[in-house]
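Okay, so here's the structure we're looking at.
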Amino acid sequence: MNSKISKYLSYVLRHRPDSIGLKLDNYGWADIDELIDKTDEFRLTKEIIKKVVEENEKQRFSLDDNKIRANQGHSIDVDLNLISIKPPEILYHGTTIRFLPSILKQGILSKNRQYVHLSIDKTSALKVGERHGEPKVLEVKALKMYEDGYCFYLSKNKVWLTKYIPSEYL
């Protein structure tokens with residue numbers, strides 16, 4: 001049940017708050033009481049929400065007083081108050097074989113998300129790629145990108161983010 005609630009929260013808080021008439025502030029925070037009130041799919045309580053947030057393996061959500069938000073992965077415009085920081089030399093991006101021709105030509109685009117997501121290790125990137133087909137892990141020269149003026153951010157749940165990765169850094 002917790003995984004179904006987690007997926008529901010991801011959908012509502014990252015992509016479609018309007019699907020239940022939920023209002024997010026500019027930073028992506030939603031009032032928990034409003035979320036509970038507007039959710040028909042599950043019988044949510046503050047305790048259930050807290051448990052889902054605490055037990056979420058990927059730490060996708062944050063709680064603050066009576067508010068909740070997704071830590072990253074938004075397809076809607078929110079300001080996560082991220083500060084650009086120096087990345088490690090290499091980061092990894094998980095994708096599928098079928099996207100390789102496009103990536104090698106155009107680079108890695110954020111598409112319908114605010115940022116491209118990167119992992120610190122190959123194993124995590126592989127898990128991401130496996131969700132969509134035959135996986136492929138790409139090595140990203142993150143430090144070189146940073147030195148060339150690209151911004152990198154580290155989300156609260158330790159996912160590296162950037163707006164775009166040109167193919168020459170792969």
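Worth saying up front: this structure is predicted, and the values here are computed from it rather than measured.
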Any side-chain heavy atom of Phe42 within less than 4.5 Å of one from Lys4?
yes
Mark yes when over 12 heavy atoms from residues, nucleotides or ligands other than Arg43 sit less than 6.0 Å from its CZ; otherwise mark no.
no
Show the nearest heavy-atom pair for residues Lys50 and Leu63, with the distance to one decimal.
CA-CD1, 4.0 Å
Taking the side chain as everything from C-beta on, heavy atoms only, tell me whether Ser19 gets closer than 4.5 Å to Tyr11.
yes
Answer yes or no: is there a donor N or O on one side and an acceptor on the other, between the side chain of His74 and the main chain of Arg113, under 3.5 Å?
no
Check whether the side chains of Tyr8 and Thr39 place a donor and an acceptor atom closer than 3.5 Å, and report yes or no.
yes
Validate the cation-pi geometry between Lys163 and Tyr115: distance from NZ or CZ to the six-membered ring centre under 6.0 Å, angle to the ring axis within 45°.
yes
Would you say the side-chain atoms of Asp65 pair up with the backbone N or O of Lys67, donor to acceptor, closer than 3.5 Å?
no
If we only count heavy atoms from C-beta on, is the Phe152 to Met145 side-chain gap below 4.5 Å?
yes
Are more than 12 heavy atoms from other residues, nucleotides or ligands located less than 6.0 Å from atom CD of Glu147?
yes
Residues Arg16, Asp18: salt bridge by 4.0 Å N-O rule
yes
Would you say Gln114 and Ser75 make side-chain contact, with heavy atoms under 4.5 Å?
no
Flag the pair Leu138 / Thr95 as yes when at least one side-chain heavy-atom distance between them is below 4.5 Å, and no otherwise.
yes
Any salt bridge between Lys51 and Glu47, counting N to O under 4.0 Å?
no
Asn26 atom CG: more than 12 heavy-atom contacts under 6.0 Å
no
Regarding His132 and Thr96, is there a side-chain donor-to-acceptor distance under 3.5 Å anywhere?
no
Does Ser124 reach the side chain of Tyr92, with side-chain heavy atoms less than 4.5 Å apart?
no
Using a 6.0 Å cut-off, check whether atom OH of Tyr27 has over 12 heavy atoms from anything other than its own residue.
no
Side chain of Arg69, backbone of Leu13: donor and acceptor closer than 3.5 Å?
no
Within the side chain of Arg14, is there an N or O that forms a donor-acceptor pair under 3.5 Å with the backbone of Gly73?
yes
Would His93 and Ser119 satisfy side-chain contact (heavy atoms from CB on, under 4.5 Å), going step by step from the backbone distance to the final call?
CA-CA 6 Å; His93 180 76; Ser119 303; over 6 Å; no
Side chain proximity check, Leu118 to Ile165, heavy atoms < 4.5 angstrom
yes
Answer yes or no: are there more than 12 heavy-atom neighbours, outside Glu134 itself, under 6.0 Å from its atom CD?
no
Take Asn71 and Ser155 through the side chain to side chain donor-acceptor pair (under 3.5 Å) test and state the conclusion after the steps.
CA-CA 6 Å; Asn71 287 325; Ser155 71; over 6 Å; no
Just verifying a value: how many Å separate Leu44 CG and Asp33 CG, rounded to the nearest 0.5 Å?
11.5 Å
If we ignore hydrogens and angles and just use 3.5 Å, is the side chain of Ser6 paired with the main-chain N or O of Asn2 as donor and acceptor?
no
Determine whether the side chains of Asn66 and Lys46 contain a donor N or O and an acceptor N or O closer than 3.5 Å.
yes
Full working for side-chain contact (heavy atoms from CB on, under 4.5 Å) between Leu109 and Val116
CA-CA 7 Å; Leu109 310 171; Val116 173; 5.9 Å; no
Give the cluster check for Tyr146 versus Leu91: same hydrophobic cluster or not, with ILVMFWY residues linked at side-chain heavy-atom distances below 4.5 Å.
yes
Leu35 side chain near Leu9 side chain, heavy-atom distance below 4.5 Å:
yes
Least distance between heavy atoms, Ile120 atom then Pro88 atom:
CD1-CG, 3.4 Å
